Enquirer: 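Sharing a structure, written as structure tokens. Questions coming.
Since the model is a prediction, treat every value here as computed from it, not as a measurement. Side chains are part of it too, since the values below use all heavy atoms of this structure and drop only hydrogens, waters and symmetry mates.
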Amino acid sequence: MKIRLMAAMLAASAALPFSASATDLEVTHWWTSGGESAAVAELAKAFDATGNHWVDGAIAGSGGTARPIMISRITGGDPMGATQFNHGRQAEELVQAGLMRDLTDVATAEHWKDIIRPSSLLDSCTIDGKIYCAPVNIHSWQWLWLSNAAFKKAGVEVPKNWDEFVAAAPALEKAGIIPLAVGGQPWQATGAFDVLMVAVAGKDVFNKVFKDKDAEVAAGPEIAKVFKAADDARKMSKGSNVQDWNQATNLVITGKAGGQIMGDWAQGEFALAGQKAGTDYTCLPGLGVNEIISTGGDAFYFPLLKDEEKSKAQAVLAKTLLDPKTQVAFNLKKGSLPVRGDVDLAAANDCMKKGLDILAKGNVIQGTDQLLSADSQKQKEDLFSEFFANPSMTPEDAQKRFAGIIASAD
């Protein structure tokens, strides 16, 4: 009995310092849909298991709404402990202003350069040789999600590519089904255009436009074909009448829409609804035309903090985000691919396995968040938001504006 009591006392005394050092760390992000919330809960659980506490700072309304709030807090002297941005250049000015923490020591100790694949993800976190973010997933925009039930109701086969999907649109409309669901948030329209560019014009043209900033190509015949496809998409999306991306996904899940061009984060919504890939819905990477995925996604940045304990907790969180178990648990629920090339994804569904296969073959492109500045991205979003909302804007006029954006892009 005395031995048991002494052991209990020793255990209690050993736990006290650990408990005392536990730190609350506010983490801001824009993951607020059902599938996203389930995924972020895995990150919170993993961090809490370290003895610290994840204080959830979710901001509704997607990245376009959340990023200005996050940036305002950091520049205004009210920084959070960590914040989500997309891989790429969204935090570039914050880093240059000296407001973000250098994570090179954590990255070196944890051998991030050896485990993060593809290496372009870590390159996107690197400015002047220093690493400023922890990538957590690979999200690809290049997917067309199709409702098997919608096509069955319309009496047509589930399409195998974009052209078949466009050809099926009249039958869907006749059955009272919206062919293509597109939400009203500007980033959805511009994302759909980028996907169409890879499918219709190919990888080389995509890189000439967004990587090389070749305005001549942007104004040329290959991109004219892309605007023709975007015009088809605009006509097919008439009647969507939803704002958020997950509301558009729900139209597909419920069979009210035939399909949606959306990133692989849509998988989280299908999973939450109990739907099975290949049975209830079909996924076409590269719109069934060019099986290529983009290596964009999400990363966490850490503002510089004066509080030493919170700074220590930041390092723990950065390490936890890249832990193999955290990577698997989070990405299976998020619908994204892990950034580690050494984790077991035996539980992956059919669509995720397609993505992993494409990634293994190296059929990848960088996302436009990685290739364009935040300002250039915003100009693009404004253009395509107007194009999809305004049928009177011709594809020719839209292409002229697009070529001008690329000519001045940085």
Enquirer: Assess R234 against F387: is NZ or CZ under 6.0 Å from the centre of the six-membered ring, and within 45 degrees of the ring's axis?
Expert: yes
Enquirer: For W245, does its backbone N or O pair with a side-chain atom of Q185 as donor and acceptor, under 3.5 Å?
Expert: yes
Enquirer: Checking side-chain polar atoms at under 3.5 Å, does D375 have a donor or acceptor matched by the opposite partner on S373?
Expert: no
Enquirer: Can you find a pair of side-chain heavy atoms, one from Q275 and one from I253, that are under 4.5 Å apart?
Expert: yes
Enquirer: Do E396 and Q399 get their side chains close enough for a donor-acceptor pair, meaning under 3.5 Å?
Expert: no
Enquirer: Kindly indicate whether the side chain of D244, heavy atoms from C-beta on, has any atom under 4.5 Å from the side chain of V242.
Expert: no
Enquirer: Where the side chain of N52 meets the backbone of T23, is there a donor-acceptor pair that is under 3.5 Å apart?
Expert: yes
Enquirer: Quick check on K319: does its NZ atom have over 12 non-hydrogen neighbours (other residues, nucleotides or ligands) under 6.0 Å away?
Expert: no
Enquirer: Look only at the side chain of E110 and the backbone of V106, and say whether a donor-acceptor pair between them is shorter than 3.5 Å.
Expert: no
Enquirer: Please determine, by modelled atom types, if D212 and N207 share a side-chain donor-acceptor pair under 3.5 angstrom.
Expert: no
Enquirer: Please report the closest heavy-atom contact between S336 and M352, naming both atoms and the distance.
Expert: O-CE, 3.5 Å
Enquirer: Quick check: do I59 and M70 have side-chain heavy atoms less than 4.5 Å from each other?
Expert: yes
Enquirer: Could you check if a side-chain atom of R117 sits within less than 4.5 angstrom of a side-chain atom of R340, using non-hydrogen atoms only?
Expert: no
Enquirer: F388 and F193: aromatic ring centres closer than 6.0 Å?
Expert: no
Enquirer: List the steps, then state whether side-chain contact (heavy atoms from CB on, under 4.5 Å) holds for K380 with L372.
Expert: CA-CA 10 Å; K380 230 170 104 235; L372 297 176; 3.9 Å; yes
Enquirer: Whether D397 and R401 form a salt bridge (side-chain N of Lys/Arg under 4.0 Å from carboxylate O of Asp/Glu) is what I want to check.
Expert: no
Enquirer: Salt-bridge test for E26 and K310: reply yes if a basic N is under 4.0 Å from a carboxylate O, no otherwise.
Expert: no
Enquirer: Could you go through the side-chain contact (heavy atoms from CB on, under 4.5 Å) check for L317 and V27 one step at a time?
Expert: CA-CA 10 Å; L317 176 57; V27 184; 4.0 Å; yes
Enquirer: Hey, are W30 and T65 close enough side-chain-wise for a donor-acceptor pair under 3.5 Å?
Expert: no
Enquirer: Between T28 and Q84, is any side-chain donor less than 3.5 angstrom from a side-chain acceptor?
Expert: no
Enquirer: Check whether more than 12 heavy atoms from other residues, nucleotides or ligands sit under 6.0 Å from atom CD of Q96, and answer yes or no.
Expert: yes
Enquirer: Applying the side-chain contact (heavy atoms from CB on, under 4.5 Å) test to V339, which of L121, N331, I115 qualifies?
Expert: L121
Enquirer: Taking 4.0 angstrom as the limit, do K361 and D357 come out as a salt bridge?
Expert: yes
Enquirer: What are the two closest heavy atoms between P179 and L172, and how far apart are they?
Expert: CA-CD1, 3.9 Å
Enquirer: I'd like to know if the side chain of T104 reaches the main chain of I131, judged simply by a donor and an acceptor atom lying under 3.5 Å from each other, with no hydrogens or angles considered.
Expert: yes
Enquirer: Would you say V205 and V217 make side-chain contact, with heavy atoms under 4.5 Å?
Expert: yes
Enquirer: May I ask you to decide whether D204 forms a salt bridge with K208, counting only side-chain N to carboxylate O separations under 4.0 Å?
Expert: no
Enquirer: Does N86 offer a backbone N or O that forms a donor-acceptor pair with the side chain of D298 under 3.5 Å?
Expert: no
Enquirer: Show your reasoning for whether side-chain contact (heavy atoms from CB on, under 4.5 Å) applies to N161 and F165.
Expert: CA-CA 6 Å; N161 56 52; F165 181 42; over 6 Å; no
Enquirer: Would you say the side chains of Q314 and R101 form a donor-acceptor pair under 3.5 Å?
Expert: yes
Enquirer: Is the side chain of S72 donor-acceptor paired with the backbone N or O of P68 at a distance under 3.5 Å, no angle test?
Expert: no
Enquirer: Looking at CG of L99 and CG of L304, how far apart are the two atoms once the value is rounded to the nearest 0.5 Å?
Expert: 7.5 Å
Enquirer: On a heavy-atom basis, which atom in D344 and which in V328 lie closest, and how many Å separate them?
Expert: O-CG2, 3.6 Å
Enquirer: Is there side-chain contact between V209 and D214, with heavy atoms separated by less than 4.5 Å?
Expert: no
Enquirer: If we ignore angles and hydrogens, is there a donor and acceptor under 3.5 Å between the side chains of T282 and N148?
Expert: yes
Enquirer: When rounded to the nearest 0.5 angstrom, what distance separates CD in Q370 from CG in D123?
Expert: 9.0 Å
Enquirer: How long is the span from the OG atom in S294 to the CD atom in Q142, to the nearest 0.5 Å?
Expert: 4.0 Å
Enquirer: Could you tell me the separation between the NZ atom of K334 and the CG atom of L43, rounded to the nearest 0.5 Å?
Expert: 10.0 Å
Enquirer: With a 6.0 Å cut-off (strictly less than), is the heavy-atom count around NZ of K203, excluding the residue itself, greater than 12?
Expert: yes
Enquirer: Using the ring of each side chain (for Trp, its six-membered ring), is Y281 parallel, tilted or perpendicular to W145, with breaks at 30° and 60°?
Expert: tilted
Enquirer: Is it the case that more than 12 heavy atoms not belonging to D342 sit under 6.0 Å from its CG atom?
Expert: yes
Enquirer: Heavy atoms only: give me the nearest Y301-A91 pair and the separation to one decimal.
Expert: CE2-CB, 3.6 Å
Enquirer: May I have the step-by-step check of side-chain contact (heavy atoms from CB on, under 4.5 Å) for W187 and F384, ending in yes or no?
Expert: CA-CA 8 Å; W187 62 270; F384 289 107; over 6 Å; no
Enquirer: Give the minimum heavy-atom separation between W143 and G263, together with the two atoms involved.
Expert: CD1-C, 4.4 Å
Enquirer: Are any non-hydrogen side-chain atoms of L332 and F330 less than 4.5 angstrom apart?
Expert: no
Enquirer: Let me see the working for D369 and Q377 under side chain to side chain donor-acceptor pair (under 3.5 Å), right down to the final yes or no.
Expert: CA-CA 7 Å; D369 283 322; Q377 278 284 81; 2.9 Å; yes
Enquirer: Give me the atom names and distance for the closest heavy-atom approach of F210 to D194.
Expert: CZ-OD1, 3.5 Å
Enquirer: Measure the OG-NZ distance between S119 and K113 for me, rounded to the nearest 0.5 Å.
Expert: 10.0 Å
Enquirer: Can you label the angle between the W31 ring and the F300 ring as parallel, tilted or perpendicular, going by 30° and 60°?
Expert: perpendicular
Enquirer: State yes or no: are the ring centers of W265 and W141 separated by less than 6.0 Å?
Expert: yes
Enquirer: Carefully, step by step, assess Y132 and F302 under the rule ring pair (Phe, Tyr, Trp, His ring centres under 6.0 Å).
Expert: CA-CA 8 Å; Y132 286 94; F302 298 80; over 10 Å; no
Enquirer: Can you confirm whether E93 is buried at CD, in the sense that more than 12 heavy atoms of other residues, nucleotides or ligands lie under 6.0 Å from that atom?
Expert: no
Enquirer: Does a side chain donor of either T249 or E269 reach within less than 3.5 Å of an acceptor in the other side chain?
Expert: no
Enquirer: Is there a donor-acceptor contact under 3.5 Å linking the side chains of D56 and W54?
Expert: yes
Enquirer: Salt bridge check, E381 against K378: does any charged N sit closer than 4.0 Å to a carboxylate O?
Expert: no
Enquirer: Less than 4.5 Å apart, side chain to side chain, heavy atoms only: is that true for P118 and L359?
Expert: yes
Enquirer: Does a donor on one side chain sit under 3.5 Å from an acceptor on the other, for S33 and E36?
Expert: yes
Enquirer: Kindly compute the distance separating OG (S408) from CG (D410), expressed to the nearest 0.5 Å.
Expert: 8.0 Å
Enquirer: Please check: side-chain N/O of K256 versus main-chain N/O of S240, any donor-acceptor pairing under 3.5 Å?
Expert: no
Enquirer: Any side-chain donor paired with an acceptor under 3.5 Å for H139 and D264?
Expert: yes
